[in-house]
Undergrad: 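Can you read through this structure? Questions will come right after.
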Amino acid sequence: MTRYHDELNHAQYEAVTATNGPVLVIAGAGSGKTRTLVYRVAYLIDQGIAPERILLLTFTRRAAQEMLWRAGILINSSCARVMGGTFHSVANMLLRRFGSTIGYGAGFTIIDRADAEGIINLLKSSLELSGPKKQFPTKRLIINLISGAVNKSVELDDLIYQEYPHLGEFAEDIARLRGHYQSFKVDHGLMDYDDLLINWRRLLAEHEPVRAELSERFSYIMVDEYQDTNLIQADIVRLMAYRHDNVMVVGDDSQSIYSFRGADFHNIMRFPQVFKETSIVKLEQNYRSTQPILDLTNNIIRHAVEKYTKNLITTNTGGCKPYLFGARDERAEAAFVMEKVLELQGQGINLKDIAVLFRSGFHSFKLELELGGRSVAFEKRGGLKLTESAHIKDVLAILRLLVNPVDTLSWNRLLLTIDKVGPKTAQKITAAIAEAADPFSALASYPAAPAWKKPISALVKLFSELRRPEHTPADLMERALVWYQPVFEKLYQDDYPKRQRDLDQLKTIMAGYDELQRFIDDTTLDPPEADRAAFRGEDNTLVLSTIHSAKGLEWQAVFVIGLADGRFPHAAAMPGEQWEEERRLLYVAATRAREHLYLCYPRELMGNDRRFKRVGMSPFLSELSPSCYERIESPQQIDSMFTIESSFSQEPVSTPKKTARRHVLDDFSRGARVDHPFFGVGSVQRLSPPKSLEVSFDRHGIKLLHLDYAKLTILDD
């Protein structure tokens, strides 16, 4: 007990030792929520609770593994008997054991988004909903609609008419397509991500004996990032705890930013109503940021309409105020970020400790050009997962058929890799072998055409070899890759050397598994990232990331760009829940910074009509108290303009009245980049007021600055 007292602050200790009854932990950004969960697991076991009775639900497998590993270190135990994992991975485990209760065998295959889209494509064709003259919605949009209705717990028709009213004429056909999609999955032993949650809830809601058994087994339940749960997940937590109320959920209402995935902000707000007599503990001591940064983030969320009131504080001393920079346009914004990044590097901060965050991926386009021009290494987050690549899915199709021979999606994919076998032929073969008692024998006896008889025979031989019981998963991968290599080089002849690295990475991952089914499940439920930076030999790169992808991470210095009215919040955000989520998005971005925070916005943006228009700062910035930040290049500084002295001559140059175009407008500080029609491009070296100043706008709305006899100092490029 002394250790828990000494190593936790008062609020953390209160949360850790509240063993019985429902507990809601409101964990502010950087307040040690992971530490709290780790110590809570250790404390329960220290109190004599059997590890098997503890269930820890997280949103990434890595988070669960790290928590249990750290808890094991605390109490000299691996905590291996604690059930920890994501909602989907725990659902997978339970459904393989109890799935027969709702009509599923243990050998079902889990499909990812790309697989689901492939099924939709096949069904669209068979239902004659696609064709050269038909404007039916794409497979991606159809899956978005089907999955969105599930995760948001709304009717499909309602979702279409609320969010996609222009698709109203297709509503009936989309509903029909969904019905065939559900039947296809059941017939072929498939479950998508949504099915895992739906069927787990069904299992609990419809079968009291199973519900009782699971509630008795898991008498202590903990949920991380509860603000990110959807209604189905909230129902699962409630049903799993129906024999007891020993549920601790940890989250931050101020960081609920995933409604587009179905996350329901109100789950965390109404938890005390669902679980009566809930104890609420607030973690407000921040271990990440300096107090000036926290003062600003507190100020951002203070304006939220609905929230658990909290005030983040820290014992970290010192630190400068966050900076607010209003750039002329996106090009000037990118130049400012570039110069500040170089300046931070000069202070000894590594590139990997600096991040530039933005609301949408295209907002960093100008910055990427600037970084490329300066040869600065950067990594943009949010690309494809390793297992989403076509060549990796080819290999996985082989392995998936070993655990589920009736997986027609994998059969179809594999057959399409064979030369001379087109979609129609692949579907005919797939249909024939799917109806057989032994699909592998059916493939061997299928009357192959001369053009593809040899490769079919090679495939039959491959499966005959792979189905031998003595092979380890690593052996299976090795043999599958031997067969696939010539196919791979032919299919992807333009860039197969680059793709080869992904196959090597997959082989390395497979080496860590002793069970094929677990490997298949893990690569689908929690697919690994393709480690592109490592293959390029880069270990010190600037991070560019959407704010959604940056949640849970931190850097020494953070730039948030594109904070302009109409861009942040998103132009389509309406007052109400959407608006409030955008506010929380800014809060998440700002709380990623440890020591340095820069909030940037362009004053001019190109509109849909391809014309520049003046814009103001984000309304969320306008709400902030000016005492929370230090402004760089504020509009009021226009009256103290600079002079430029040409580097072509050491003597000051006097010039008649000239027009300084918009690249000069806001570059008033030493070292700023300048593009002037008379003096050219360079960096401002010396400042002094002009003889006279006149501001006007041209016919395109571009701000013009007229300098009369100004001395202009410039360092030529």
Side-chain angles (χ1 to χ4, degrees), residues 59 86-88 91 110-121 123-124 127 129-130 135-186 190-202 225 227-236 256-268 359-361 382 385 388 524-525 527 546-549 551 569-574 576-582 584-585:
F59 275 83
T86 65
F87 275 90
H88 292 90
I110 304 168
I111 59 173
D112 62 15
R113 172 58 71 95
D115 296 328
E117 291 177 2
I119 295 172
I120 290 295
N121 232 21
L123 294 174
K124 280 173 63 178
L127 295 172
L129 296 174
S130 61
Q135 301 298 316
F136 200 74
T138 64
K139 59 183 181 182
R140 176 167 297 181
L141 181 51
I142 295 298
I143 286 296
N144 284 344
L145 288 168
I146 294 173
S147 181
V150 170
N151 284 285
K152 297 178 182 181
S153 297
V154 298
E155 294 296 327
L156 180 60
D157 278 359
D158 291 340
L159 181 65
I160 292 172
Y161 287 108
Q162 287 170 11
E163 299 188 17
Y164 303 89
H166 61 291
L167 300 180
E169 63 179 299
F170 302 111
E172 187 176 333
D173 283 333
I174 293 173
R176 184 162 62 102
L177 183 56
R178 179 182 61 174
H180 283 269
Y181 173 63
Q182 304 293 11
S183 299
F184 184 96
K185 289 184 294 179
V186 172
L190 307 175
M191 284 196 206
D192 61 24
Y193 296 147
D194 299 331
D195 293 327
L196 290 169
L197 298 183
I198 292 170
N199 289 326
W200 185 4
R201 182 173 65 177
R202 272 188 61 202
E225 303 285 10
Q227 77 282 348
D228 293 336
T229 55
N230 61 25
L231 288 173
I232 299 174
Q233 290 163 325
D235 282 347
I236 287 170
S256 180
I257 59 173
Y258 294 117
S259 66
F260 65 94
R261 295 181 186 170
D264 193 327
F265 167 77
H266 296 99
N267 281 348
I268 196 169
R359 196 203 175 287
S360 301
K385 300 284 188 181
E388 291 173 341
T524 307
L525 291 171
T546 62
I547 301 170
H548 287 99
S549 296
K551 185 173 175 292
H570 190 275
M574 302 296 291
E577 291 188 10
Q578 290 180 324
W579 189 272
E580 290 303 304
E581 180 159 325
E582 293 285 307
R584 297 193 293 269
L585 195 61

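The chain is numbered in sequence order, starting from 1.
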Undergrad: Please examine the side chains of Asn267 and Gln233, heavy atoms only from C-beta on, and report whether any two atoms are closer than 4.5 Å.
TA: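 SC-SC contact between Gln233 and Asn267 ruled out.
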Undergrad: Surrounding CZ of Arg176 (heavy atoms of other residues, nucleotides or ligands, distance under 6.0 Å), is the total greater than 12?
TA: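 It does: Arg176 CZ has more than 12 such atoms within range.
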Undergrad: Using side-chain heavy atoms (C-beta onward) and a distance below 4.5 Å, is Arg261 in contact with Asn151?
TA: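 Side-chain contact under 4.5 Å: no.
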Undergrad: If every non-hydrogen atom of Ala171 is compared with every non-hydrogen atom of Asp157, which pair is closest and at what distance?
TA: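 Closest pair (atom of Ala171, atom of Asp157, distance): CB-OD1, 4.0 Å.
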Undergrad: Just how far is it from atom CG of Leu177 to atom CG of Leu123, taken to the nearest 0.5 Å?
TA: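 Those atoms lie 6.0 Å apart.
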Undergrad: For the residue pair Glu580 and Phe265, establish whether any side-chain heavy-atom pair is separated by less than 4.5 Å.
TA: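 No. Closest side-chain heavy atoms not under 4.5 Å.
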Undergrad: Is there a side-chain contact (heavy atoms from CB on, under 4.5 Å) between Phe136 and Ile174? Walk through the geometry before answering.
TA: CA-CA 9 Å; Phe136 200 74; Ile174 293 173; 4.0 Å; yes
Undergrad: Donor-acceptor pair, His548 side chain versus Ile257 backbone, under 3.5 Å?
TA: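 Answer holds: yes.
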Undergrad: Looking at side-chain heavy atoms only, is the closest gap between His570 and Glu581 below 4.5 Å?
TA: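 No, side chains not in contact.
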Undergrad: Quick one: pull up NZ in Lys139 and CZ in Arg113 and give me the separation to the nearest 0.5 Å.
TA: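 Between Lys139 NZ and Arg113 CZ, I get 11.5 Å after rounding to 0.5 Å.
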Undergrad: Taking side chain to side chain contact (heavy atoms under 4.5 Å, CB included) as the test, write out the residues that go with Glu163, two or more places apart.
TA: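 Partners of Glu163 by the side chain to side chain contact (heavy atoms under 4.5 Å, CB included) criterion, ordered by chain and then number, come out as Lys152, Leu159.
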Undergrad: Would you say the side chains of Asn144 and Tyr164 form a donor-acceptor pair under 3.5 Å?
TA: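 No, no side-chain donor-acceptor contact under 3.5 Å.
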Undergrad: Angle between ring planes, Tyr193 versus His88, binned at 30° and 60°: parallel, tilted or perpendicular?
TA: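 Perpendicular: the ring planes of Tyr193 and His88 meet at over 60°.
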Undergrad: Is the ring pair Phe87/Trp200 parallel, tilted or perpendicular, if the boundaries are 30 and 60 degrees?
TA: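 Answer is tilted, since the angle falls between 30° and 60°.
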Undergrad: With side-chain contact (heavy atoms from CB on, under 4.5 Å) as the criterion, how do Val150 and Leu197 come out once you've worked through the C-alpha distance, each side chain's angles and the decisive distance to 0.1 Å?
TA: CA-CA 10 Å; Val150 170; Leu197 298 183; over 6 Å; no
Undergrad: Report yes if the side chains of Lys551 and Asp228 come closer than 4.5 Å at any heavy-atom pair, otherwise no.
TA: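 They are in contact (side-chain heavy atoms under 4.5 Å apart), so the answer is yes.
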Undergrad: Please find the pair of heavy atoms, one from Ile232 and one from Ser153, that lie closest to each other, and give the distance.
TA: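 Residues Ile232 and Ser153, closest heavy atoms: CG1-OG, 4.3 Å.
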Undergrad: Could you walk me through whether Ile146 and Asp194 satisfy the side-chain contact (heavy atoms from CB on, under 4.5 Å) test, starting with their C-alpha distance in whole Å, then the side-chain angles of each, then the deciding distance to 0.1 Å, before giving a yes or no?
TA: CA-CA 10 Å; Ile146 294 173; Asp194 299 331; 5.8 Å; no
Undergrad: What closest approach, in Å, do Gln227 and Ser256 show between heavy atoms, and which atom pair accounts for it?
TA: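 Taking Gln227 first and Ser256 second, the nearest heavy atoms are O-OG, 3.4 Å.
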Undergrad: What's the spacing between Asp195 CG and Ile111 CD1 if we round to 0.5 Å?
TA: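 So the CG of Asp195 and the CD1 of Ile111 are separated by 7.5 Å.
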Undergrad: Please tell me if the side chains of Leu167 and Leu145 come closer than 4.5 Å, counting only heavy atoms from C-beta onward.
TA: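 Sidechains of Leu145 and Leu167: in contact.
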Undergrad: Check this for me: Gln182, atom CD, are more than 12 non-hydrogen atoms of other residues, nucleotides or ligands nearer than 6.0 Å?
TA: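 Yes, enclosed.
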Undergrad: Output the distance between atom CG (Leu231) and atom NE2 (His266), rounded to the nearest 0.5 Å.
TA: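 Spacing of CG (Leu231) from NE2 (His266) equals 10.5 Å.
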Undergrad: Kindly indicate whether the side chain of Ile143, heavy atoms from C-beta on, has any atom under 4.5 Å from the side chain of Asp192.
TA: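 Ile143 vs Asp192: side chains apart.
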Undergrad: Are Arg178 and Ile142 close enough that some pair of their side-chain heavy atoms sits under 4.5 Å apart?
TA: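 Result no, sub-4.5 Å side-chain heavy-atom pair not found.
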Undergrad: Would the distance check show the side chain of Lys124 and the main-chain N or O of Pro137 forming a donor-acceptor pair, the cut-off being under 3.5 Å?
TA: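 Yes, Lys124 side chain to Pro137 backbone: donor-acceptor pair under 3.5 Å.
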Undergrad: Calculate, to the nearest 0.5 Å, the distance between atoms CG and OH belonging to Leu585 and Tyr258 respectively.
TA: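 Result: 9.0 Å between the selected atoms.
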Undergrad: Would you compute the distance between atom CZ of Arg140 and atom CG of Asn121 and round it to the nearest 0.5 angstrom?
TA: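 Arg140 atom CZ to Asn121 atom CG measures 11.5 Å (nearest 0.5 Å).
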